[in-house]
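Shown next, in structure tokens, is the structure this report addresses.
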Amino acid sequence: MGKYLPTEPYRGTRDFLPEEISVRQQVFHRLYEVIEVFGYQRYDGPILEPTDIYEAKSSREIVEQQLYTLTDRGGRRLALRPEMTPSVARMIAGNLGRLTFPVRWYSHPNCFRYERPQRGRLREHWQINVDLFGSPSSAVEIEFIELIHAMMAALGATPDMYVLRMSDRVLLNAIFTEILRIPADQTRPVAGLLDRWEKYPEDKLRADAAEIGLTDVQFTRLGEVVQAGEAIVAELSDEARAGSKLVEVMNTPAHDLIKVDPLIVRGFDYYTSTVFEVFDASPDNRRSLFGGGRYDNLVGLYSSQPVAGFGFGMGDVTLMDFLTTHGLLPEPANKVDAVVIPTAEALFEPARTAAAELRAAGVRTTTPLESAKLGKEIGRADKAGARVVVIIGEQDYAEGMATVRDLLTGDQERVPLDEVTNAVKKTL
RNA sequence: GUGGGUGUAGCUCAGUCGGUAGAGCACCUGGUUGUGGUCCAGGGGGCCGCGGGUUCAAGUCCCGUCACUCACCCCA
């Protein structure tokens, strides 16, 4: 061990310095605005939840290997939330009586997963969650398709930068049982194989398929399914198609906004129908940007009353990678507009008075805390991002005047003290 | 969990054959008694990730370990 404590944040977590916060705030506020324009309201919840709520319906991988768990003093098993969906389902179920459906909610929690950090994946990430509860209609799917494109547009993304790929667990199950003739209780490893399909060469896929018990014929058919893409839907039974929200969507204009793709699976067990993922079109970011789907049974864990749900989570790590790759990150904003600089100790009080007046007018204003040379203070003001400095000098002040200097142009003018605020506002 | 790459100043990095550390940028001071950016001069900053080994001598070689990072596994 060294002599000093380490200054790095805990592995897989990040410190956000003001400049980064500024960039992030701009990005997220654009998203909040779009989400709210669609009529969604923000909620929040605890970072700790009972472990049970993840064991029931998340995925084995998350619960067994990626959950941050702890036991409280009363022996209760708790976890740092790895995702928000079980929490929001719990909140919906607990407030059924006072909610008017459909409920449109969003949140922006930090979520934790114990895993090895790599590109696009850390141990703590901030995930925007948008959910709609209380409707089985495929109008929900269409609303989310529109919302997603609106959010991407708000970030400055053009449609060529990303792809919205959509599938449906109902159709997927039909593919497994009707085309591949796999018993319904053995589809899970095959879904996993589909999930990996694009990442592996064919011989590796073939080997994996053999390992999970697929015959050569089944493997070949699976390849045909992937090849067929959207066209596979037409080959499924009428019952399967009738039970699919995605098929309904395909009969509307929203069809043009998505790519129907049987490769989209998603890991969570709670999805019951539509599933989707948004992918970066750039090869630099092969990972999916974000995704979600329909989960019509999740509220049923907490209540006898069934409530249909649809939602998605958009993590900040992949999102920032996307924005960086496409040059869409905004510049950090300035922290301050004006600095009022007294040139002598005795002038600190009048400087504070002038600053107070500027602040009252909404101008972000600071004053020096210690007496220093004027040049020094102007330099500091410039670095802090101020556009204007107001110099309260002895000579000027004695005459009831102050100097207002524009740091961008270098122009400056002497104005009466009671005109300072107007002069500054004119420059900004 | 597996494999590769990298750990030297706040940041980016150089450091030859082993001879007890350097540059640029940033920061501070002065050149200017009330005027920033440019320029000039000076200055502060280093358990060379950590521990051990070899050696007269280790930033440099060897072993271990930790961290960062990329990929894999797996999956948001």
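Here is the naming used below: chain letters follow the sequence lines, and residue numbers restart at 1 for every chain.
Under a 4.0 Å N-O distance rule, the pair A/Arg294/A/Glu141 qualifies as a salt bridge. The existence of a salt bridge linking A/Asp316 and A/Arg14 is confirmed by a sub-4.0 Å separation between a basic side-chain nitrogen and an acidic carboxylate oxygen. Using a 4.0 Å cut-off between a side-chain N of Lys or Arg and a carboxylate O of Asp or Glu, A/Asp411 and A/Arg405 do not qualify as a salt bridge. Between A/Arg30 and A/Glu33 there is no salt bridge, since none of the side-chain N atoms of the basic residue sits less than 4.0 Å from a carboxylate O of the acidic one. Salt-bridge check for A/Glu377 with A/Arg380: passed, with a basic side-chain N closer than 4.0 Å to an acidic carboxylate O. Between A/Asp337 and A/Arg364, at least one side-chain N (NZ, or NE/NH1/NH2) sits under 4.0 Å from a carboxylate O, which counts as a salt bridge.
Spacing of C1' atoms, B/rC48 relative to B/rG19, comes out at 16 Å, to the nearest Å. Spacing of P atoms, B/rC17 relative to B/rC11, comes out at 28 Å, to the nearest Å. Spacing of P atoms, B/rU29 relative to B/rA67, comes out at 39 Å, to the nearest Å. A gap of 40 Å separates the C1' atoms of B/rG42 and B/rG51, to the nearest Å. Here, B/rU60 and B/rG18 have their C1' atoms 6 Å apart, quoted to the whole Å. B/rU54 and B/rC62 have their C1' atoms separated by 7 Å, with the value rounded to a whole Å. On the P atoms, B/rA41 is 46 Å away from B/rC63, given to the nearest whole Å. Distance noted for atom P between B/rC47 and B/rG59: 14 Å (whole Å).
Taking atom CG on A/Leu122 and atom P on B/rC68, their separation rounds to 10 Å, with Å as the unit. Per the geometry, CD belonging to A/Glu277 stands 10 Å off C1' belonging to B/rC75, to the nearest Å. Separating the CD atom of A/Gln118 from the C1' atom of B/rU2 is a distance of 13 Å, rounded to the nearest angstrom. Between A/Asp396 atom CG and B/rU35 atom P there is a gap of 13 Å when expressed in whole angstrom units. Rounded to a whole Å, the OH atom of A/Tyr114 is 19 Å from the P atom of B/rC75. Distance, A/Ile341 CD1 to B/rU33 C1': 17 Å, rounded to whole Å. Protein atom NZ of A/Lys383 is 8 Å distant from nucleotide atom P of B/rU38, rounded to whole Å. One interatomic measurement links the two molecules: NZ of A/Lys373 to C1' of B/rG30, which rounds to 7 Å at whole-angstrom precision.
In A/Gln118, the CD atom is crowded: over 12 heavy atoms of neighbouring residues, nucleotides or ligands sit closer than 6.0 Å.
Residue contacts shown for A/Leu289 include a base, since a base heavy atom lies under 4.0 Å away. At the heavy-atom level, A/Glu394 lies under 4.0 Å from base atoms of the strands shown. A/Gln395 comes within contact range of at least one nucleobase, with a heavy-atom separation under 4.0 Å. Residue contacts for A/Gly410: at a heavy-atom cut-off of 4.0 Å it reaches a base atom on one of the strands shown.
When the side-chain nitrogen and oxygen atoms of A/Arg11 are compared with OP1 and OP2 of B/rC68, one or more of them lie within a distance under 4.0 Å. Checking the phosphate oxygens (OP1, OP2) of B/rC75, no side-chain nitrogen or oxygen of A/Arg113 falls inside 4.0 Å. In this structure, A/Lys376 reaches the B/rU29 phosphate: one of its side-chain N or O atoms is under 4.0 Å from OP1 or OP2.
Along RNA chain B, the nucleotide nearest to A/Gly393 and the one nearest to A/Pro117 differ in position, and the one closer to the 5' end is contacted by A/Gly393. Toward the 5' end of RNA chain B, the nearer of the two residues A/Ile378 and A/Arg121, judged by each one's closest nucleotide, is A/Ile378.
Residue-to-nucleotide contacts include no donor-acceptor pair under 3.5 Å from the side chain of A/Arg266 to the base of B/rC75. Donor-acceptor pairing under 3.5 Å, judged by distance alone, is absent between the side chain of A/Arg116 and the base of B/rG1. Counting distance only, with no hydrogens placed and no angle test, the side-chain atoms of A/Glu377 and the base atoms of B/rU35 include no donor-acceptor pair under 3.5 Å.
Across every non-hydrogen atom of A/Lys245 and A/Ser273, the tightest pair is CG-OG, 3.5 Å.
Helical stems in RNA chain B, defined as runs of 3 or more consecutive Watson-Crick or G-U wobble pairs with donor-acceptor distances under 3.5 Å: B:1-7 with B:66-72, B:10-13 with B:22-25, B:27-31 with B:39-43, B:49-53 with B:61-65.
Both the sub-6.0 Å distance and the 45° axial angle are not jointly satisfied by A/Arg113 relative to the ring of A/Tyr68.
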